[in-house]
**Q** 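My structure is below; once you've seen it, I'll send some questions.
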Amino acid sequence: HGGKVCGILCERVEGPAGTHAILGIGLNVSMDSSELPVPTATSLRLCGLCEDKNLLIATLLRRLDDHVTDWLRTGNVRQAYRERCDTVGQRVRLTFDTELIGGGDTVLDGVGVDVDDTGAIIVATPEGRKAFAAGDVTHLYCHPVTVDLSCPGCGQGCGQGCRVRD
């Protein structure tokens with residue numbers, strides 16, 4: 001279907017016990033077309049996938065635990081995240097709350113090209129590559145994009161020489 005079936009929000013909070021992350025996940029499980037919040041959304045039902053909410057939550061929590069365990073063991077899950085990040089290689093529109101980001105544009109279009117070590121999405125814009133850790137991301141599915149992360153200097157996927165081409 002190509003529609004958005006899930007949304008994830010993560011917020012860092014400081015408390016008496018230290019720094020924590022609050023994670024919110026919304027998953028469109030058994031919605032019909034008329035119940036979807038936006039035209040670009042879909043649901044597991046509409047995709048013909050599992051609608052068993054008990055199985056879904058158990059699987060989600062098990063996989064989340066696997067990733068947190070891996071992160072605690074290695075200190076880095078960037079590569080695994082990057083490989084699964086649908087935003088890399090997509091034309092995107094980022095919408096911002098200017099009070100949260102300290103002013104500037106409220107909307108920016110570009111191409112998602114990478115994820116940095118902090119988890120921020122790196123977007124190629126006409127003004128150059130920029131990292132964004134906050135904002136709403138909308139995929140613009142008008143044209144396919146190829147992202148080439150090979151570096152002309154070292155020939156590796158370091159991302160330093162990232163080129164985006166249509």
Side-chain angles (χ1 to χ4, degrees), residues 1-13 19-29 38 40-44 47 49-50 56-97 100-102 104-105 107-166:
H1 281 135
K4 183 177 177 181
V5 74
C6 172
I8 302 171
L9 295 173
C10 187
E11 185 174 336
R12 177 186 169 147
V13 294
T19 303
H20 293 26
I22 297 175
L23 185 64
I25 301 173
L27 180 61
N28 300 337
V29 177
V38 294
T40 55
T42 190
S43 70
L44 296 178
C47 293
L49 299 172
C50 176
L56 289 168
I57 193 67
T59 303
L60 175 68
L61 292 173
R62 189 170 42 257
R63 296 299 306 269
L64 182 59
D65 184 61
D66 291 346
H67 288 295
V68 169
T69 300
D70 189 41
W71 174 59
L72 292 172
R73 184 178 50 79
T74 67
N76 190 338
V77 292
R78 178 182 174 265
Q79 187 59 33
Y81 174 71
R82 191 194 175 290
E83 289 170 1
R84 291 167 180 83
C85 181
D86 284 344
T87 300
V88 172
Q90 291 291 333
R91 292 183 188 281
V92 294
R93 173 166 294 141
L94 289 95
T95 308
F96 310 98
D97 180 337
L100 292 177
I101 63 167
D105 294 332
V107 176
L108 180 109
D109 289 352
V111 176
V113 293
D114 205 356
V115 177
D116 73 11
D117 289 339
T118 69
I121 187 72
I122 299 173
V123 177
T125 71
E127 294 79 34
R129 292 167 42 123
K130 299 179 182 181
F132 298 94
D136 291 322
V137 178
T138 303
H139 291 189
L140 306 173
Y141 293 105
C142 51
H143 302 287
V145 175
T146 300
V147 176
D148 180 357
L149 290 179
S150 62
C151 177
C154 68
Q156 303 292 318
C158 71
Q160 298 301 311
C162 179
R163 296 179 306 279
V164 178
R165 37 178 215 273
D166 289 333

**Q** What distance do K4 atom NZ and H139 atom NE2 have between them, rounded to the nearest 0.5 Å?
**A**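 Output value for this atom pair is 8.0 Å.
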**Q** Got a second to check how far T74's OG1 is from Q79's CD, nearest 0.5 Å?
**A** 11.5 Å
**Q** Does a side-chain N-to-carboxylate-O contact under 4.0 Å join D114 and R82?
**A**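 Result for this pair is yes, salt bridge flagged.
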**Q** Please find the pair of heavy atoms, one from V92 and one from G112, that lie closest to each other, and give the distance.
**A** CG2-N, 4.0 Å
**Q** Checking the side chain of R84 only, and the main-chain atoms of A80 only, is there a donor and an acceptor separated by less than 3.5 Å?
**A** yes
**Q** Between R62 and D65, does any NZ, NE, NH1 or NH2 come within less than 4.0 Å of an OD or OE carboxylate oxygen?
**A**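 Salt bridge flag = no for R62 with D65.
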**Q** Looking at every non-hydrogen atom in both residues, tell me the closest pair between A124 and V113 and how far apart they are.
**A**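 Closest approach of A124 to V113, heavy atoms only: CB-CG1, 3.9 Å.
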**Q** Just one of L64, V68, L9 clears the side-chain contact (heavy atoms from CB on, under 4.5 Å) bar with L23, so which one?
**A**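 Only match with L23 under side-chain contact (heavy atoms from CB on, under 4.5 Å): L64.
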**Q** So which heavy atom on L44 is nearest to which on V5, and how close?
**A** N-CG2, 3.7 Å
**Q** What's the separation between atom CZ in R73 and atom OG1 in T69, rounded to the nearest 0.5 Å?
**A**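 It comes to 9.0 Å.
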**Q** Please find the pair of heavy atoms, one from H67 and one from V77, that lie closest to each other, and give the distance.
**A** O-CG1, 4.0 Å
**Q** Could you tell me the separation between the CG atom of L27 and the CG atom of L60, rounded to the nearest 0.5 Å?
**A**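 If I round to the nearest 0.5 Å, the distance is 7.5 Å.
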**Q** Can you name the nearest heavy-atom pair linking A21 to C10, along with the distance?
**A**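 Closest heavy-atom pair between A21 and C10: CB-SG, 4.0 Å.
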**Q** Give the C-alpha distance, both sets of side-chain angles, the deciding distance and a yes or no for side-chain contact (heavy atoms from CB on, under 4.5 Å) between I121 and V123.
**A** CA-CA 6 Å; I121 187 72; V123 177; 4.2 Å; yes
**Q** Would you say the side-chain atoms of R93 pair up with the backbone N or O of V107, donor to acceptor, closer than 3.5 Å?
**A** no
**Q** Keeping N28 on the side-chain end and T42 on the backbone end, is there a donor-acceptor pair under 3.5 Å?
**A**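 Side chain of N28 to backbone of T42, a donor-acceptor pair under 3.5 Å: yes, one is there.
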**Q** Can you tell me how far apart CZ (F132) and CG (L108) are? Round to the nearest 0.5 Å.
**A** 4.5 Å
**Q** About how many Å separate CG of L61 and CD1 of I25, when rounded to the nearest 0.5 Å?
**A**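 I25 CD1 to L61 CG: 8.0 Å, rounded to 0.5 Å.
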